[in-house]
Asks: 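Mind having a look at this structure? Questions to follow.
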Amino acid sequence: MLKTLNDLLDRLLPPPAQASPEATEHLLQLATAVMLVEVMRADASFHAGEREAVRAALRDKFALSDDEAQRLAELAEVAARDATDLFSFTSRINERFDMPQKLRMVEHMWHVAYADGHLGDHERHVLWRVADLLHVPQGAYAHARMRAQQAASAKG
C-alpha cells in the first residue's frame, strides 16, 4: 500500500515500461480513488457518508482493508486537489479496466454522490464527464445511476 506523499508523487508519474505489477496496480488504485474523491469534492462540503462511500468502494473494488482504503482515500484527496485534469487518471483506468469494471466504478461513484442524501448539479457533471472520459455508453451510465439511486433509497 502507498505509505507516504513521496510515494504518491512518484506514482503519479507514468510507470516505466518495466514497472512491477504491484506498482501498476497501485497506480490503478490511486486513479480509481481520485475519481471517487472527485465526486465527493463536487459538493461545497464533505459529508461523512460520502467519505465512507469512497472507502467502501475502494474496499469492494480492490479487496482492501479498512486502513488501506482510508490511506488510499487520503492520498487520492491530495492527488485530486493537486491535479490539473482527469485525463491522466482516466487514461490509466481505460488501459486496465474492461467495460464491466468501468461500469462498476461509475456505479460506485453514484453511491458517493447519493451518500449525503442530496444529488447536486456539480456531482452530476463530474459523473457525466468521467463516464465520458471512460467511454461508458449513455444507457449503461443511466442504469448505473438507477442502481445506485435504488440502493440509496433502500438505505434511507
Asks: To the closest 0.5 Å, what do you measure between CG (Leu58) and OG (Ser65)?
Replies: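 Output value for this atom pair is 11.0 Å.
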
Asks: With the side chain counted from C-beta on, respond yes when Arg92 and Phe87 share a heavy-atom pair under 4.5 Å apart, and no when they do not.
Replies: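 Arg92 does not reach Phe87 side chain to side chain.
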
Asks: Taking atom CZ of Arg81 and atom CZ of Arg41, what is their separation to the nearest 0.5 Å?
Replies: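 That separation rounds to 7.5 Å.
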
Asks: Counting distance only, does the side-chain N/O of Asn94 pair as donor-acceptor with the main-chain N or O of His135 below 3.5 Å?
Replies: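 Side chain of Asn94 to backbone of His135, a donor-acceptor pair under 3.5 Å: no, none is there.
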
Asks: How long is the gap from OG1 on Thr90 to CD on Glu95, to the nearest 0.5 Å?
Replies: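 Here the rounded value is 10.0 Å.
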
Asks: If you look at every heavy atom in Phe62 and Leu28, which pair is closest and at what distance?
Replies: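 Smallest heavy-atom distance, with atoms named: CZ-O, 4.2 Å.
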
Asks: What are the two closest non-hydrogen atoms of Arg59 and Ala69, and how far apart are they?
Replies: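 For Arg59 versus Ala69, the nearest heavy atoms are CG-CB, 3.6 Å.
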
Asks: What is the minimum heavy-atom distance between Val37 and Ala73, and which atoms define it?
Replies: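 Heavy atoms of Val37 and Ala73 come nearest at CG2-O, 4.1 Å.
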
Asks: Are His108 and Asp60 linked by a side-chain donor-acceptor pair shorter than 3.5 Å?
Replies: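 Their side chains do contain a donor-acceptor pair, which is all the 3.5 Å distance test asks for.
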
Asks: Would you say Leu64 and Gln29 make side-chain contact, with heavy atoms under 4.5 Å?
Replies: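 Side chain of Leu64 against side chain of Gln29, heavy atoms only: contact under 4.5 Å found.
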
Asks: I need the minimum non-hydrogen distance between Asp43 and Glu50, along with the two atoms involved.
Replies: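 Asp43 and Glu50 have their closest heavy atoms at OD2-OE2, 2.5 Å.
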
Asks: Indicate the atoms forming the closest heavy-atom contact of Glu123 with Val39, along with that distance.
Replies: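 Closest pair (atom of Glu123, atom of Val39, distance): CG-O, 3.8 Å.
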
Asks: Return yes if some donor-acceptor pair links the side-chain N/O of Gln101 with the main-chain N/O of Asp98 below 3.5 Å, else return no.
Replies: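 Yes, because the side chain of Gln101 sits within donor-acceptor range (under 3.5 Å) of the backbone of Asp98.
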
Asks: Is Glu52 paired with Arg55 through a side-chain N to carboxylate O contact shorter than 4.0 Å?
Replies: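 Salt bridge between Arg55 and Glu52, a charged N being under 4.0 Å from a carboxylate O: yes.
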
Asks: Flag the pair Glu74 and Arg71 as a salt bridge only when some basic side-chain nitrogen lies within less than 4.0 angstrom of an acidic carboxylate oxygen.
Replies: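 A salt bridge is present here (some side-chain N lies under 4.0 Å from a carboxylate O).
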
Asks: Any idea which heavy atoms bring Met99 and Leu134 closest together, and the distance?
Replies: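 For Met99 versus Leu134, the nearest heavy atoms are CE-O, 4.4 Å.
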
Asks: Is there a side-chain contact between Leu127 and Tyr141 (heavy atoms, below 4.5 Å)?
Replies: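 Touching, per the 4.5 Å side-chain cut-off.
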
Asks: Is a side-chain N or O of Gln150 found less than 3.5 angstrom from the main chain of Arg147, in a donor-acceptor match?
Replies: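 No, Gln150 side chain to Arg147 backbone: no donor-acceptor pair under 3.5 Å.
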
Asks: Mind checking the CG-CG spacing from Leu36 to Leu72? Nearest 0.5 Å is all I need.
Replies: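 Answer for the CG-CG pair, Leu36 versus Leu72, is 9.0 Å.
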
Asks: If the threshold is 4.0 Å, N to carboxylate O, is there a salt bridge linking Asp121 and Arg124?
Replies: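 Result for this pair is yes, salt bridge flagged.
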
Asks: Report the C-alpha distance between Trp110 and Gln149 in whole Å, list the side-chain angles of each, state the deciding distance to 0.1 Å, and finish with yes or no for side-chain contact (heavy atoms from CB on, under 4.5 Å).
Replies: CA-CA 8 Å; Trp110 279 115; Gln149 189 175 26; over 6 Å; no

Asks: Using side-chain heavy atoms (C-beta onward) and a distance below 4.5 Å, is His118 in contact with His47?
Replies: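 No, their side chains stay 4.5 Å or more apart.
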
Asks: Does Glu25 pair with Arg96 as a salt bridge, N-O distance under 4.0 Å?
Replies: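 Counted as a salt bridge, because a side-chain N and a carboxylate O are separated by less than 4.0 Å.
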
Asks: If we only count heavy atoms from C-beta on, is the Met35 to Thr32 side-chain gap below 4.5 Å?
Replies: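 The answer is no, as the side chains (C-beta and beyond) never meet within the 4.5 Å cut-off.
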
Asks: Check for me whether Lys61 meets the cation-pi criterion with Phe97, that is, NZ or CZ under 6.0 Å from the six-membered ring centre and within 45 degrees of the ring axis.
Replies: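 Cation-pi check for Lys61 and Phe97: passes.
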
Asks: Consider only side-chain heavy atoms of I, L, V, M, F, W and Y, link residues closer than 4.5 Å, and tell whether Met146 and Tyr114 are in one cluster.
Replies: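 Result: no, two separate clusters.
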
